[in-house]
Amino acid sequence: MNYVATKLKRSLSVDSIISIHYFEYTPNFKYAGESHDFWELIYCDNGTLSICADNRELILHHGDIFIHPPKQYHNVRVVGGKAANSIIVSFNSNTPELYEVSEKILKTDSFIASALFAVLSEAKLTFSNELGMLHDRQLIRKQDNTYFATEQAIQNYVELLLIHIIRQKSPSARFPQAPSQSSKNFMLEEILHYMKENISQKITFSDLTKKFAVSPTTLKNLFSKNFGHGAMEHLMRIRIEHAKELLRSGELSCTEIAMRCGFCSVHHFSGVFRKYEACSPTEYIRTIKSLLDGAPSIMIKS
């Protein structure tokens with residue numbers, strides 16, 4: 001039997017990546033703005049952001065995404081008096097359908113969020129740039145990257161999330177949606193909510209199994225399957241992320257932050273923070289400010 005190959009059509013193509021950023025903003029951060037000849041996607045991962053799109057001002061909350069088309073003047077600033085985070089990916093593409101989903105606030109789902117964080121993960125393996133550095137003009141490849149096809153993975157993830165966004169225009173053309181949450185997924189959400197609501201309290205593994213009437217093995221497998229680490233490890237990461245947000249707010253001392261995030265002392269907090277962030281709390285906020293300070297006060301065009 002003679003087989004005939006089918007050459008696959010490419011309806012969307014991301015030809016090159018300009019930048020990949022994960023910014024951790026202080027509450028008073030403001031970037032004057034720029035315009036350039038490539039696409040830029042901004043995703044609000046935490047807090048509230050005000051963005052400018054030419055003459056329009058729009059507000060992005062957690063989970064919101066906005067795509068700036070080429071040549072559009074845009075800026076970003078933090079609003080609400082609290083620290084905020086964003087993912088920004090800029091790229092080249094000649095796909096006309098992107099204009100149909102640009103210049104409007106879009107809601108993300110788990111597929112888009114997962115793809116965005118996969119892009120960040122692959123970027124850390126591929127490039128030596130600090131993801132929070134504001135003024136990098138080019139991505140620099142790591143010389144010691146031994147992982148297979150990381151650049152192609154970045155391209156694929158970006159293309160998939162853009163395809164997903166475009167498909168959302170037509171309900172009949174969306175990706176198949178995941179089935180409704182299982183009881184275990186609902187339990188996971190309940191546990192995560194409990195951890196965040198009681199972040200200042202001492203919480204043990206035994207406390208979780210008793211409160212949620214779950215066996216130690218089930219609890220361990222629940223977190224391992226969804227996050228790749230255990231429940232107490234995840235709790236510690238929640239504590240550290242909240243501590244980083246409080247540090248960027250600049251309103252509390254390290255001792256107060258340690259107590260609010262459930263650490264027994266400021267020394268314990270500092271030691272754990274250094275383990276996760278490779279720097280002390282004081283060094284962290286100094287680094288964040290140095291990465292984001294000095295934003296130009298005039299529009300940049302390229």
Side-chain angles (χ1 to χ4, degrees), residues 7-23 31-45 48-77 79 84-120 122-123 134 136-139 151-177 296 298-302:
K7 186 174 182 179
L8 300 177
K9 296 179 181 178
R10 288 184 61 81
S11 301
L12 180 146
S13 178
V14 171
D15 305 312
S16 56
I17 293 290
I18 312 300
S19 63
I20 299 171
H21 289 299
Y22 187 83
F23 289 126
Y31 184 69
E34 62 182 354
S35 64
H36 38 62
D37 59 359
F38 45 82
W39 296 89
E40 184 169 300
L41 177 154
I42 179 169
Y43 167 78
C44 183
D45 185 42
T48 307
L49 299 173
S50 170
I51 64 169
C52 170
D54 285 333
N55 297 319
R56 293 185 300 150
E57 183 177 8
L58 304 103
I59 301 298
L60 301 185
H61 301 285
H62 171 66
D64 289 344
I65 201 166
F66 191 91
I67 301 175
H68 295 284
K71 303 295 186 182
Q72 182 174 77
Y73 169 74
H74 55 279
N75 64 17
V76 60
R77 64 185 176 93
V79 294
N85 301 356
S86 76
I87 298 174
I88 296 180
V89 179
S90 57
F91 57 93
N92 282 317
S93 177
N94 292 322
T95 306
E97 285 81 3
L98 284 173
Y99 285 96
E100 299 177 22
V101 294
S102 67
E103 300 192 73
K104 61 189 72 174
I105 296 176
L106 306 168
K107 299 295 182 182
T108 58
D109 54 23
S110 59
F111 183 95
I112 295 173
S114 296
L116 279 170
F117 282 98
V119 169
L120 291 180
E122 296 292 334
L134 186 63
D136 279 356
R137 308 297 287 183
Q138 181 180 0
L139 291 170
E151 292 186 29
Q152 185 175 346
I154 291 171
Q155 182 184 43
N156 289 347
Y157 281 126
V158 174
E159 289 179 346
L160 281 171
L161 74 89
L162 292 175
I163 291 171
H164 189 77
I165 289 172
I166 292 171
R167 283 188 173 188
Q168 286 182 325
K169 295 190 291 94
S170 172
S172 63
R174 291 179 182 175
F175 282 109
Q177 297 298 305
I298 59 174
M299 182 177 73
I300 300 173
K301 291 187 177 182
S302 59

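Not measured: the values here are computed from a predicted model.
Remark: E57 pairs with S50, R77 by the side-chain contact (heavy atoms from CB on, under 4.5 Å) rule, at least two apart or across chains. A search for side-chain contact (heavy atoms from CB on, under 4.5 Å) contacts involving P70 returns W39, Y99, not counting sequence neighbours. Taking the side-chain hydrogen bond (donor to acceptor under 3.5 Å, both in side chains) definition, one finds that D54 meets it with nothing, sequence neighbours left out. With sequence neighbours excluded, no residue satisfies ring pair (Phe, Tyr, Trp, His ring centres under 6.0 Å) with Y157. Residues passing the side-chain hydrogen bond (donor to acceptor under 3.5 Å, both in side chains) test with S86 are Y25, sequence neighbours excluded. Evaluation of the side-chain hydrogen bond (donor to acceptor under 3.5 Å, both in side chains) rule for E151 yields R141 as partners, not counting sequence neighbours. Every side-chain contact (heavy atoms from CB on, under 4.5 Å) that N75 has, sequence neighbours left out, goes to C52, Y73. Every ring pair (Phe, Tyr, Trp, His ring centres under 6.0 Å) that H21 has, sequence neighbours left out, goes to F23. Every side-chain contact (heavy atoms from CB on, under 4.5 Å) that S90 has, sequence neighbours left out, goes to I18, S19, F38, E40. Scanning for salt bridge (Lys or Arg N to Asp or Glu O under 4.0 Å) contacts around K107 gives D64, with sequence neighbours left out. The side-chain hydrogen bond (donor to acceptor under 3.5 Å, both in side chains) test applied to S16 returns N92, not counting sequence neighbours.
Without hydrogens or angle criteria, E122 side chain to A153 main chain gives no donor-acceptor distance under 3.5 Å. The backbone N or O of D45 sits less than 3.5 Å from a side-chain atom of H62, completing a donor-acceptor pair. With hydrogens and angles ignored, the 3.5 Å screen pairs no side-chain donor or acceptor of S102 with any backbone N or O of P69. A donor-acceptor distance shorter than 3.5 angstrom exists from the side chain of D109 to the backbone of I112, with no hydrogens or angles considered.
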In sequence, state the C-alpha distance, the side-chain angles, and the governing distance for L41 and L116, and then conclude on side-chain contact (heavy atoms from CB on, under 4.5 Å). CA-CA 10 Å; L41 177 154; L116 279 170; 3.9 Å; yes

Verdict with supporting geometry, H36 and H74, ring-ring contact (aromatic ring centres under 6.0 Å, His included): CA-CA 9 Å; H36 38 62; H74 55 279; 4.9 Å; yes

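Side-chain atoms of I154 and I20, non-hydrogen and from C-beta on, do get closer than 4.5 Å to each other. Inter-residue side-chain proximity for F91 and L98 is flagged as met; some heavy-atom pair is nearer than 4.5 Å.
Y22 and F117 have tilted rings, their planes meeting at an angle from 30° to 60° on a 0 to 90° scale.
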